[in-house]
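Order of appearance sets the numbers: ligands from 1, and atoms from 1 within every ligand. The figures that follow rest on heavy atoms only: side chains count, while hydrogens, waters and symmetry mates do not.
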Amino acid sequence: MTQEMNPFKLAQAQFDQVAEQMGLDQAVRDMLRWPLREYRFQLPVRMDNGSIKVFFGFRVQHNDARGPAKGGIRFAANETLDTVRALATWMTWKCAVADIPLGGGKGGVIVDPSTLSVGEKERLCREWIDAVWKNLGPRNDVPAPDVGTTPQMMGWMMDEYSKLRGEYVPGVITGKPLGGGGSAGRTAATGYGVIVTVREAMRHIGWLSPGRTASIQGFGNVAQYAARNFIELLGGKVISVSCWNRTDKTAYTFCKEEGIDPYFLQSITDQYGSISKKEAERAGYTVEDGDAWLSKDVDVLIPAAVEGVITGQNVEQISSRVKILAEGANGPTTLEADEVLKRRNIFTIPDFLCNAGGVTCSYFEQVQNDMNYYWPEEEVLSKLDQKMSAAFHAVLEMSLDKKLYTRDAAYWVAIARVERAMRLRGWL
Ligand code: NAD
């Protein structure tokens with residue numbers, strides 16, 4: 001199995017491997033290897049110059065045995081049906097491991113959103129809903145923002161759906177703006193959840209004490225809140241963060257032995273997560289090359305940027321001091337690197353467990369929409385802590401019980417929950 005393979009083939013191969021270990025029935029395998037339903041549709045949009053441009057859109061519902069399908073909508077130039085299928089499959093496992101009553105879905109449009117005006121974006125969002133609204137809904141399938149889509153776009157989509165239904169239906173979509181049906185705590189949720197799982201992992205290995213150190217890749221939404229919470233929740237010190245520099249078109253690692261100040265760094269970071277090199281240097285940060293974050297002598301490594309960054313070529317650069325690898329990003333570790341992590345006994349918190357705080361908060365958003373009653377941020381984060389801790393311990397228990405690597409244990413937990421729901425509903 002190689003990383004270059006089509007993402008859906010990879011998702012299927014991962015599933016096949018665990019299905020074999022678990023000894024799943026053939027019918028379960030046949031159902032879970034493929035999405036339940038797939039929609040592909042044309043999206044004719046009137047452009048600002050008066051012409052009509054036809055875009056292609058997708059919505060894939062991988063599995064909804066445990067509850068409505070759930071997953072983001074990506075607006076990306078390189079979107080394909082197979083990418084959407086793979087992401088929908090991974091959402092099924094993420095919602096199941098987090099034990100939220102939702103299934104897995106994903107959507108997309110083949111478009112580079114930076115080429116569209118605000119009005120064109122709005123018309124494309126409304127068109128997307130018009131094409132597929134009969135298959136969506138708080139009880140069927142609940143989209144959310146993802147790469148290339150924003151809370152504002154979710155607001156337009158919710159509005160379009162509500163108009164078609166003739167009633168206000170905020171629970172059809174999550175990731176809406178605050179004041180427009182969104183939940184407090186959503187911005188912080190994924191990074192916060194990452195650190196809850198780090199805390200539980202530290203507790204498990206007897207390593208939970210103030211002053212632990214971390215090195216983080218990325219300084220966008222997930223990484224910024226992971227850094228803040230590593231410091232504030234755990235009393236730890238983040239000694240380096242790495243991010244992409246849009247001007248120089250390369251990555252840099254910003255280091256400070258006495259610990260970075262996440263609020264200061266945030267104040268010199270643009271909306272795309274690029275830290276200003278000049279201002280960081282002026283404030284006494286040492287700037288090293290983009291890969292330096294990986295070889296730091298720290299207790300915890302948190303890749304929270306992009307996929308495929310810890311590979312067979314660089315995994316040996318990880319210091320012998322590292323005890324925990326917390327995958328804030330989706331798919332940061334290649335299969336070759338994973339073998340080395342296992343051998344070196346580094347406690348890996350797999351992506352679909354580690355970064356499940358975002359979708360868990362989306363689920364809370366939907367619950368609040370249903371009640372039409374909204375919780376303050378502290379309440380959202382406290383509920384998130386409970387869900388993430390419970391998810392972590394279910395995986396840990398499975399790992400200890402069956403002597404499984406944590407990533408495999410997370411798959412076992414997720415797949416077993418989905419299988420059980422399918423059986424309880426009489427699908428099998
Ligand atoms: P973001 O766009 O806000 O930030 C990405 C960060 O990664 C930026 O700081 C960017 O500079 C940095 N980066 C990009 N390429 C890099 C490189 N080669 N080297 C170093 N840094 C690089 O994205 P985000 O929302 O923080 O998401 C990060 C990861 O977490 C992604 O894999 C995403 O799929 C995953 N994730 C995000 C959420 C969420 O709620 N935001 C939820 C689950 C998973």
Side-chain angles (χ1 to χ4, degrees), residues 7 70-74 76 83 86-87 90-91 93-95 97-98 100 104 106 108 113-114 144-151 154 174-175 182-183 185-195 197 215-228 240-255 260 262 265-266 268-277 280 287-294 301-311 314 326-333 349-365 384 388:
K70 179 89 197 96
I73 305 169
R74 305 187 349 150
T83 323
L87 292 162
W90 288 322
M91 283 306 295
W93 311 142
K94 191 179 290 196
C95 292
V97 88
I100 50 180
K106 207 78 180 187
S114 69
D146 204 290
V147 174
T149 52
T150 61
M154 300 305 109
T174 62
S183 172
R186 177 61 187 90
T187 314
T190 307
Y192 180 84
V194 167
I195 299 307
T197 64
S215 175
I216 301 180
Q217 188 191 37
F219 203 62
N221 174 258
V222 179
Q224 289 178 9
Y225 286 92
R228 277 195 204 182
S240 54
V241 295
S242 147
C243 69
W244 188 253
N245 186 286
R246 285 162 20 89
T247 318
D248 298 352
K249 298 198 175 359
T250 185
Y252 295 118
T253 304
F254 298 86
C255 315
I260 63 143
L265 285 185
Q266 232 170 309
I268 59 164
T269 299
D270 69 15
Q271 57 169 316
Y272 305 102
S274 290
I275 298 171
S276 158
K277 183 167 176 261
V287 181
E288 299 179 16
D289 72 42
D291 296 336
W293 73 279
L294 185 66
L301 284 180
I302 308 179
V306 286
E307 68 284 349
V309 292
I310 306 178
T311 65
N314 66 14
E327 293 183 337
N330 283 321
T333 309
I349 309 170
D351 51 3
F352 64 102
L353 166 64
C354 192
N355 67 34
V359 73
T360 303
C361 193
S362 289
Y363 161 60
F364 293 157
E365 178 176 333
L384 188 58
M388 293 299 293

Counting only heavy atoms, which portion of [X] has something under 4.0 Å from ligand 1: side chain, backbone, both, or neither?
X	value
E307	neither
N355	both
A305	both

State if [X] counts as touching ligand 1 under the rule of any non-hydrogen atom under 4.0 Å.
X	result
Y272	yes
R186	yes
A304	yes

Taking 4.0 angstrom as the limit and counting only heavy atoms of [X], give me the atoms of ligand 1 inside it, by number and element.
X	result
G328	30 (O), 35 (C)
F219	6 (C), 8 (C), 9 (O)
S242	20 (C), 21 (N)
A251	19 (N), 20 (C)

Approximate separation, where rounding is to 0.5 Å, of [X] [atom1] and [Y] [atom2]:
X	Y	atom1	atom2	result
C354	I195	SG	CD1	7.5 Å
T149	I73	OG1	CD1	6.5 Å
M388	Y192	CE	OH	10.5 Å
S183	F364	OG	CZ	8.5 Å

*Selection from W244, F352, W293 by shortest heavy-atom distance to atom 11 (O) of ligand 1*: W244

*Between D351 and K94, is there a salt bridge with N-O shorter than 4.0 Å?*
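So K94 does not pair with D351 through a salt bridge.
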
_Under 3.5 Å side-chain donor-acceptor pair for T253 and S240_ = no

*asked:* Any donor-acceptor pair under 3.5 Å linking the side-chain atoms of N355 with those of N330?
replied: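 Distance-only check passes for N330 and N355.
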
Name the closest protein heavy atom to [atom], giving the residue it belongs to and the distance to 0.1 Å.
atom	result
atom 33 (C) of ligand 1	N330 ND2, 4.0 Å
atom 27 (O) of ligand 1	V222 CG2, 3.7 Å
atom 4 (O) of ligand 1	G220 CA, 3.2 Å
atom 39 (C) of ligand 1	T190 OG1, 3.5 Å
atom 25 (O) of ligand 1	N221 CB, 3.8 Å
atom 19 (N) of ligand 1	Q217 NE2, 3.3 Å
atom 21 (N) of ligand 1	C243 CA, 3.3 Å

Contact between [X] and [Y] at the side-chain level, heavy atoms closer than 4.5 Å - yes or no?
X	Y	result
V241	W293	no
S362	R186	yes
T269	Q224	yes

*Y363 ring centre to K70 NZ or CZ under 6.0 Å, with the angle to the axis within 45°?*
no

_Test item: protein heavy atom less than 4.0 Å from atom 23 (O) of ligand 1_ = no

_So, regarding A223 and ligand 1 (criterion: nitrogen or oxygen to nitrogen or oxygen, under 3.5 Å), is there a contact or not?_
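Such a contact does not occur with ligand 1.
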
*Check step by step if side chain to side chain contact (heavy atoms under 4.5 Å, CB included) holds for I310 and L294.*
CA-CA 8 Å; I310 306 178; L294 185 66; 4.1 Å; yes

